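Structure first, commentary second.
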Amino acid sequence: MRKLSYIALFIFGLLFGASLAYITLQKVIASRGGMGMHGFVATANKVLQQREITELLICSKLAMSGGHKIDNISLNIRLNSLLKPYDNGQQRAFYVLVYIKGYAFGVADSIKDKIKAYDDYACQTQYPWLLKQEH
């Protein structure tokens, strides 16, 4: 009988511990924004379809790869205004920006002739404010 009690107590402890761990992990995931990311893939796909955002990021990476300094403040202000409609109050716009930036920088890095691509994307005419002006 004593052995049966220990086995029952052990099983009860395992179930209780697993339940407690599950509840705790759900709260940790929710506090870090994991639960609020519902629809992230669809939102990121919508942003990828906006050429203005992706080309802006590609041009910024091509400029940096070409040795130019870019105006980060102007770039961030424009990106914030373009991504503001996608913000759901749980930093979704920030996560989308990180994802899109990684995508666009990957595209720019995969281009062999970056100087020609800078001209092909018409970066200087589309975004004349992008390059930092030397004082």
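This is a predicted model, so every value here is computed, not measured.
Among all heavy-atom pairs drawn from I58 and A104, the shortest one is CG1-O, 3.6 Å. The two residues S65 and K114 come nearest to each other via the heavy atoms CB-CD, 3.4 Å. Closest of all the heavy-atom pairs between I111 and A117 is CG2-CB, 3.6 Å. When all heavy atoms of A108 and K61 are compared, the closest pair comes out as CB-CG, 3.4 Å. Across C59 and Y118, no two heavy atoms sit closer than the pair O-CE1, 3.9 Å.
Under a hydrophobic-cluster definition in which Ile, Leu, Val, Met, Phe, Trp and Tyr are linked whenever side-chain heavy atoms come within less than 4.5 Å, directly or via other members, M64 and I115 are assigned to different clusters. Placement of L82 and V98 within a single hydrophobic cluster is found when ILVMFWY residues are connected by side-chain heavy-atom separations under 4.5 Å, directly or transitively. By the criterion of side-chain heavy atoms lying less than 4.5 angstrom apart, applied directly or through intervening Ile, Leu, Val, Met, Phe, Trp or Tyr residues, L83 is not grouped with I77; the two fall into different hydrophobic clusters.
The environment of CZ in F105 is crowded: more than 12 heavy-atom neighbours from other residues, nucleotides or ligands sit within 6.0 Å. Enclosure of atom CD1 in I73 is not indicated, since only 12 or fewer non-hydrogen atoms of other residues, nucleotides or ligands lie within 6.0 angstrom.
No donor-acceptor pair closer than 3.5 Å links the side chain of S74 to the backbone N or O of D71. Within the 3.5 Å criterion, the main-chain N or O of L57 finds a donor-acceptor partner in the side chain of S60.
Contact check for N72 versus I70: side-chain heavy atoms found under the 4.5 Å cut-off. Y95 places none of its side-chain heavy atoms less than 4.5 Å from the side chain of T43. K69 has its side chain out of reach of L131: every pair of non-hydrogen atoms, C-beta onward, lies at least 4.5 Å apart. Side-chain atoms of E52 and L56, non-hydrogen and from C-beta on, never get closer than 4.5 Å to each other. Looking at L75 and W129, their side chains come closer than 4.5 Å, going by heavy atoms from C-beta outward.
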Query - Test side-chain contact (heavy atoms from CB on, under 4.5 Å) applied to Y127 and E55, step by step - result: CA-CA 10 Å; Y127 313 109; E55 286 185 3; 3.8 Å; yes
Query raised in the report: Does the pair Y121 and K116 meet the rule for a side-chain contact (heavy atoms from CB on, under 4.5 Å), with working shown?
Result: CA-CA 9 Å; Y121 275 97; K116 183 177 180 311; over 6 Å; no
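Here NZ of K101 is found 7.5 Å from CG of L79. Values are rounded to the nearest 0.5 Å. Atoms CG and CG, from L97 and N80 in turn, are 7.5 Å apart once rounded to the nearest 0.5 Å.
Relative orientation of the F12 and F16 rings is parallel, given thresholds of 30° and 60° on the angle between their planes.
Residues satisfying the side-chain hydrogen bond (donor to acceptor under 3.5 Å, both in side chains) criterion with Y86, sequence neighbours excluded, are Q50.
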